[in-house]
**Student:** 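Below you'll find the structure I mean.
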Amino acid sequence: MSKVISICNQKGGVGKTTTAINLAFFLAQKEKKTLLIDFDPQGNTTSGLGIDKNKVEKSIYEALFNRITINDTVYDTALSNLKLVPSNISLAGSEIELVNLDGREYKLKESLNNIKDSFDFIVIDSPPSLGLLTINALAASDSTLIPIQCEYYALEGLTQLLNTIELVKTNLNPGLQIEGILLTMADFRTNLTQEVIDEARTFFKEKVFQTIIPRSIRISESPGFGKPIFLYDKDSIGALRYLELTNEILGEKPLDRVEVKTEPTQNFSEAKE
Ligand code: ATP
Ligand code: MG
């Protein structure tokens with residue numbers, strides 16, 4: 001039995017893709033057979049794993065509309081346990097193509113049925129909208145993970161997202177759970193970060209992951225090298241935190257935080273971001 005986790009937030013730039021890539025990577029590193037699905041026309045998950053999205057000919061788009069089976073879209077990655085179904089701009093028109101189809105909300109779920117049994121985990125990166133692609137991702141998922149950025153207006157839009165999740169639960173996918181809310185890009189030197197953390201914990205209580213992802217230059221650099229953070233800098237704080245998130249999701253013990261090597265503090269510009 002595989003578990004399908006989608007990473008959703010209609011807000012852009014909150015860390016969905018970064019979380020999808022690094023969660024999938026650590027699941028695979030922990031010997032879980034993992035399939036990462038890029039379900040965003042931007043194709044950032046695809047390029048973040050070092051695959052040239054412009055050269056991809058068989059993507060999630062073709063599988064979604066049954067032009068090929070999803071099995072024919074699977075790419076190998078640096079880890080044998082981690083496979084990728086890529087995406088690119090061809091997916092951009094699919095919201096409109098989907099509109100008139102029967103069972104338009106279940107197209108991704110149907111595609112996954114052909115491949116689900118080969119994996120322990122399927123992680124879906126979704127686009128920054130609440131359109132039909134995100135609805136397909138939610139309808140196909142056992143749970144959804146919501147990243148929020150430690151920034152002004154972080155919680156704005158969350159009510160709308162949670163309403164959408166409720167609607168999907170009621171109408172399309174009764175089993176859908178919230179895997180958790182993940183605070184990302186935290187800068188612990190600022191009051192703002194602390195305020196967002198406090199506010200999120202007040203509202204969403206134990207739904208908020210213990211693990212918080214810090215703002216980190218190493219994390220932001222890694223997609224440019226086509227690598228998950230661990231393969232880019234295995235001792236970085238970002239790698240460690242994403243490993244902790246993975247452990248939390250697997251219900252494993254947190255790591256000993258004392259031994260953590262922090263990043264050099266020369267990144268003064270980060271403090272001002
Ligand atoms: P979109 O909505 O456009 O798909 P997203 O929610 O997928 O965006 P990401 O692409 O993961 O967000 O992150 C947005 C930008 O922030 C990227 O340039 C990414 O490299 C960077 N980033 C993500 N997480 C961190 C972090 N913890 N520290 C620093 N930079 C980060
Ligand atoms: Mg993204």
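Keep in mind the model is a prediction, meaning the values are calculated, not measured. What you see below is based on every heavy atom in this structure, not just the backbone, and it leaves out hydrogens, waters and symmetry mates. Start at 1 and go down the list; that is how both ligands and their atoms are numbered.
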**Student:** Considering all heavy atoms of both residues, which atom of D233 and which atom of A239 are nearest to each other, and what is their separation?
**Tutor:**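 Reported closest heavy-atom pair: O-CB, 3.7 Å.
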**Student:** Any side-chain heavy-atom pair from T73 and I68 closer than 4.5 angstrom?
**Tutor:**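 Yes; the side chains approach each other to less than 4.5 Å.
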**Student:** Where the closest heavy atom to atom 24 (N) of ligand 1 is concerned, which of I217, I219, T19, I213 has it?
**Tutor:**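 Of the listed residues, I219 has the closest heavy atom.
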**Student:** Using a 4.0 Å heavy-atom threshold (strictly under), name the region of P214 that reaches ligand 1: side chain, backbone, both or neither.
**Tutor:**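 Only the backbone of P214 comes within reach of ligand 1.
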**Student:** With V196, which of L192, D198, T193 fulfils side chain to side chain contact (heavy atoms under 4.5 Å, CB included)?
**Tutor:**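 Result: among L192, D198, T193, L192 is the only option passing the side chain to side chain contact (heavy atoms under 4.5 Å, CB included) with V196.
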**Student:** State which residue, out of E199, R201, E195, fulfils the side chain to side chain contact (heavy atoms under 4.5 Å, CB included) condition with I197.
**Tutor:**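 Among E199, R201, E195, the one that satisfies the side chain to side chain contact (heavy atoms under 4.5 Å, CB included) with I197 is R201.
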**Student:** I'd like the name of whichever of G43, S220, P127 reaches closest to atom 20 (O) of ligand 1 through any heavy atom.
**Tutor:** S220
**Student:** I'd like to check which ligand 1 atoms, numbered from 1 as shown, lie under 4.0 Å from a non-hydrogen atom of V14.
**Tutor:**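 By the 4.0 Å cutoff, the relevant atoms are 5 (P), 6 (O), 12 (O).
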**Student:** For P128, counting its heavy atoms only, list the atoms of ligand 1 lying under 4.0 Å from any of them.
**Tutor:**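 Atoms satisfying the 4.0 Å criterion: 2 (O).
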**Student:** Between K107 and E62, does any side-chain N to carboxylate O distance fall below 4.0 Å?
**Tutor:**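 A salt bridge is absent here (no side-chain N lies under 4.0 Å from a carboxylate O).
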**Student:** Report, in ascending order of atom number, the atoms of ligand 1 lying under 4.0 Å from any heavy atom of Q42.
**Tutor:** 1 (P), 3 (O), 4 (O)
**Student:** Quick check: does T17 put an N/O/S atom under 2.8 Å from the Mg ion (ligand 2)?
**Tutor:**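 Coordinating: yes.
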**Student:** Counting neighbours of CZ on F188 that are heavy atoms of other residues, nucleotides or ligands and sit closer than 6.0 Å, is the number greater than 12?
**Tutor:** yes
**Student:** D40 heavy atoms, cut-off 4.0 Å: which ligand 1 atoms fall inside?
**Tutor:**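 Numbered from 1, ligand 1 contributes 4 (O).
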**Student:** Salt bridge or not for K3 and D120, using N-O below 4.0 Å?
**Tutor:**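 Not counted as a salt bridge, because no side-chain N and carboxylate O are separated by less than 4.0 Å.
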**Student:** To which of M185, E221, K11 does the heavy atom nearest atom 22 (N) of ligand 1 belong?
**Tutor:** M185
**Student:** Quick check: does D125 get an N/O under 3.5 Å from an N/O on ligand 1?
**Tutor:** no
**Student:** Of all the atoms in ligand 1, which lie at a distance below 4.0 Å from a heavy atom belonging to G12?
**Tutor:** 2 (O)
**Student:** Would you confirm whether S87, through its side chain, and D40, through its main-chain N or O, come within 3.5 Å as a donor-acceptor pair?
**Tutor:**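 The answer is yes, because a donor-acceptor pair under 3.5 Å joins these two groups.
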**Student:** Does any N/O atom on S216 come nearer than 3.5 Å to any N/O atom on ligand 1?
**Tutor:** yes
**Student:** What I want to know is whether K16 and ligand 1 share at least one N or O pair that is separated by under 3.5 angstrom.
**Tutor:** yes
**Student:** Has the side chain of E95 got a donor or acceptor atom that lies under 3.5 Å from a matching backbone atom of L133?
**Tutor:**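 Present.
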**Student:** Backbone or side chain, does any N or O of T17 fall under 3.5 Å from an N or O of ligand 1?
**Tutor:**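 There is such a contact, yes.
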